Amino acid sequence: MGVRKPEDTRSFALCAHGGAGKTSLAEAMLFDNGNITRMGSVQNGNTVSDFQSEEQKRNISISTSLLTLERKGKTFYVLDAPGYADFTGEMSAAIRVADTAVILVSSVGGIEVQTSKAWEYAEHHSAPVSFVVSKMDRENADFEKVLDDIKSQFSQNALPVFLPIGAGEKFTGIVDVLRGKSYTYKPDGSGKFTEGEIPADLADEAASAREALVEAAVEMDDELMEKYLEGEEVSEADFERTLKTAIAAKRIMPVFALSATANIGVPQFMDFVADYFPSPVDIGAVDAGDVKAEPKTDAPFSALCFKVMADAFVGKLSFIRVYSGTLSSEGSSIYNIDKGEDERISSFKLMTGKDGKDVKEVIAGDIVAIPKLQSARVGHTLATKGGFSGKFPAIEFPKPVYSVAVIAKTRADEDKLGSAISRILEEDCSLTFEKNAETRDNVLSGMGDMHINIVLSKLKERYNVDLDTKTPQVPYRETIRKMSEAQGKHKKQSGGHGQYGDVYIRYRPLERGEGFKFIDSVVGGAVPRNFIPAVEKGLREYMVAGPLAGFPVVDFSAELYYGSYHDVDSSEMSFKLATRLSFRKGIMDANPVLLEPVMDVEVTVPDQFMGDVMGDFNSRRGRVMGMEAHGKLQVVKAQVPLSEMFRYATDLRSMTSGEGSFSMEYSHYEEVPGDIAKKVIAAHKKEEEDEE
Ligand SMILES: Nc1nc2c(ncn2[C@@H]2O[C@H](COP(=O)(O)OP(=O)(O)OP(=O)(O)O)[C@@H](O)[C@H]2O)c(=O)[nH]1
Ligand SMILES: [Mg+2]
């Protein structure tokens, strides 16, 4: 590769709503650049990007793929992110580590929910943006409309650099506004084109598009701007230089028109990337706590791990974005700042789909994979020992919103489950797996049923672990609503040593969230000191399964205020048994109720679905807490019992044709309404009986 410089690197994330054509564009780039000799298709499951069997089965991307290619002396790192809503964490991480976000918008579908998400993430990460209006060969393709929508919904800085020649079946090529040329393609998908003059009917449009670019670009240089305003001609060199700065500064967001599968406009897109997309040097230093990572080869080495892949064929790969310095793989080790561990490394791999090509050295700006690194997890900062001391901010992933309880089909499945899941968890940061201490369910939580189904089939295919699923048990609790007093007396005199314990306990409700308090107010030794701890211990044991329906009892105090004992027959055990009698009676006398977890839910939907979403909350016993408009979207905040939310991810999607999204978080426990409580209690009584 010769001596490489960070200036020669172009990294960009392809991001969009599901199915906008990211993977197809990536494939066309590889083909047109000569990296592959046949162009695969998503339908046939033979693209370079979608190499996982789960992707090929479903014809969608489910995790970000990295493709590396050389173009015009520049190294491209293309991150092909999935667009389906369940995987937005992958999209966010890809935008975080790439220098530019390339947002695809289908010329037919226009701006969709995940398009807006991509835009939000790019804003959040301050990433320069460009837009690709894709699928120009499709019937009803409308470049102008999509461009207008991009301008009005995202930014007026979106300016076309390509104009389509024709649309739909008649889409034959593009006008490159910058070069003032047209590129007409053979209709056979070969990507072969001829350069020519701008067609007469597009000349005016092309001229004004160019003027708009010049006008925005010169703003980056005061002196040039002055000259321009005085009517002086801007030189080609000045224009190109300021254009580059304007793109890095988001003053210009170039808009392209192309078709990936018809293979029209892709080579010119790549040339534009090589010439004008920002390099790591244009992006500048990156914050890592108090330290800055400078995009220079002689700075201390620093990198961020943004993806871990545990593929059966390739083994384990940790994907890193290098932010500063140089590191050679020869006799070298890498220091994991988050873990404080130093690990030897054997090679770096330039990745293209599942294939890696060894490189000996990486420099600032590179995006590569390291094989067999044990300690690195997504979000970890990697450096060399005694070198770079900063720590990059964590990579944010959305919180899981969809849960199922999993049950191993056989003993063998159960034995393998733990290690298989932990490997999948390393790869997938939007997934959690927890044993609920109260309900004893093994709960697998992710972003939706698609996500969970993919995890289940990965478990089966890769690790041969078969699981059944069911709706998770709600971790109900019990509490009391009034004060009660209950004596518990345990007395047995059946020959030999007798048993005697006698306690009087007062039960009082506490505030929600206060838990349990034990109060000892025994006077005059009615219960001897040495037996009092046994009473408290007994209470703590029995409260795990309450008398109402077997759920933990919370938010109450128990005051031991009186009792009696027997010199010979009293023991810790007899006092514990006496306590149990008092507890069961006392709680049942104190007007016990069932509590259920209530979630804070935040739903984002387009205006027209508001009515449906609110009505649906009613039927889920939800309480709407507020509403806010965000452009054409409405954000509804509500509190809804967890028991009503298990299928919400799928229900919301079908209610809003995929345009709604939501997040939720545990808020607090609340009383279950009487009629529903009755059903829950009856169901649990039945379950207990069945178990006996
Ligand atoms: N007509 C036409 N179809 C296209 C074009 N690009 C993609 N498609 C089709 O659109 C569908 C989705 O394309 P993908 O490339 O998988 O889209 P994606 O954005 O990668 O999708 P996800 O990764 O699942 O979000 C496939 O059936 C493609 O064949 C295009 O330029 N023209
Ligand atoms: Mg894809």
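Worth saying up front: this structure is predicted, and the values here are computed from it rather than measured. Note that ligands are numbered from 1 as they come in the structure, with each ligand's atoms numbered from 1 the same way.
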May I ask you to identify the nearest protein heavy atom to atom 17 (O) of ligand 1, giving residue, atom name and distance to one decimal place in Å?
Gly21 N, 3.0 Å
Closest non-hydrogen protein atom to atom 19 (O) of ligand 1, residue and atom name please, with distance?
Lys22 NZ, 2.7 Å
Under 4.0 Å from one or more heavy atoms of Gly18, ligand 1 contributes atoms 25 (O)
Which of the ligand 1 atoms, numbered from 1, are nearer than 4.0 Å to a heavy atom of Ala20:
17 (O), 19 (O)
Salt bridge (Lys or Arg N to Asp or Glu O under 4.0 Å) between Lys22 and Asp80, intermediate numbers included
CA-CA 6 Å; Lys22 302 171 289 289; Asp80 174 20; 5.9 Å; no
Would Asp176 and Arg210 pass as an ion pair if we require N to O under 4.0 Å?
no
Is it true that a side-chain atom of Arg321 and a backbone atom of Val97 form a donor plus acceptor pair closer than 3.5 Å?
yes
Can you tell me which residue and heavy atom of the protein come closest to atom 23 (O) of ligand 1, and the distance to 0.1 Å?
Ser61 OG, 2.8 Å
Heavy-atom distance under 4.5 Å between the side chains of Phe154 and Thr115, does that happen here?
yes
Per-atom contacts of ligand 1 with Ile60, taking only distances under 4.0 Å to non-hydrogen atoms:
24 (O)
At a non-hydrogen distance cut-off of under 4.0 Å, which region of Met136 contacts ligand 1 (side chain, backbone, both, or neither)?
neither
Ala118 backbone acceptor or donor facing Glu123 side chain under 3.5 Å
no
So His125 and Tyr121, would you call those rings parallel, tilted or perpendicular, with 30° and 60° as cut-offs?
parallel
Is the closest N or O pair between Thr261 and ligand 1 shorter than 3.5 Å?
yes
Report the C-alpha distance between Tyr323 and Phe392 in whole Å, list the side-chain angles of each, state the deciding distance to 0.1 Å, and finish with yes or no for ring pair (Phe, Tyr, Trp, His ring centres under 6.0 Å).
CA-CA 10 Å; Tyr323 282 100; Phe392 295 108; 4.9 Å; yes
Nearest heavy-atom contact between Val401 and Met664 is O-CE, 3.6 Å
N, O or S from Thr47 under 2.8 Å to the Mg ion (ligand 2):
no
Just need the protein heavy atom nearest to atom 1 (N) of ligand 1, so name the residue and atom and give the distance.
Asp137 OD2, 3.0 Å
The closest protein heavy-atom partner of atom 8 (N) of ligand 1 is Lys135 CE, 3.6 Å
Distance to 0.1 Å, residue and atom name: give those for the protein heavy atom nearest to atom 27 (O) of ligand 1.
Gln43 NE2, 2.9 Å
Can the ring centroids of Phe256 and Phe131 be said to lie less than 6.0 angstrom from one another?
no
Under 3.5 Å between some N or O of ligand 1 and some N or O of Arg138?
no
So Phe193 and Tyr185, would you call those rings parallel, tilted or perpendicular, with 30° and 60° as cut-offs?
tilted
Close N or O approach (Leu25, ligand 1; < 3.5 Å):
no
Test of proximity, Asp80 against ligand 1: N or O pairs below 3.5 Å
no
What pair of heavy atoms forms the shortest contact from Phe397 to Gly89, and how long is it?
CE2-O, 3.5 Å
Any atom of ligand 1 sitting under 4.0 Å from a heavy atom of Ala262?
no
Thr23 near the Mg ion (ligand 2) via N/O/S, less than 2.8 Å
yes
Could Lys316 and Glu427 be called an ion pair, given the rule that one side-chain N must be under 4.0 Å from one carboxylate O?
no
Going by the rule side chain to side chain donor-acceptor pair (under 3.5 Å), which residues pair with Ser661 if we only count those two or more places apart in sequence or in a different chain?
none
Do Ser134 and ligand 1 have an N or O pair less than 3.5 Å apart?
no
For atom 28 (C) of ligand 1, tell me which residue out of Cys15, Ser106, Ser107, Ser24 has the closest non-hydrogen atom.
Ser24
Looking only at N/O atoms, are Val42 and ligand 1 under 3.5 Å apart anywhere?
no
closest protein heavy atom to atom 31 (O) of ligand 1 is Ala260 N, 2.9 Å
Per-atom contacts, ligand 1 versus Thr23 - under 4.0 Å to a heavy atom
15 (O), 18 (P), 20 (O), 23 (O)
Sub-4.0 Å atoms of ligand 1 with respect to non-hydrogen atoms of Ser259:
30 (C), 31 (O), 32 (N)
Taking the side chain as everything from C-beta on, heavy atoms only, tell me whether Asp616 gets closer than 4.5 Å to Tyr648.
yes
Does the N or O separation between Gly19 and ligand 1 drop below 3.5 Å for any pair?
yes
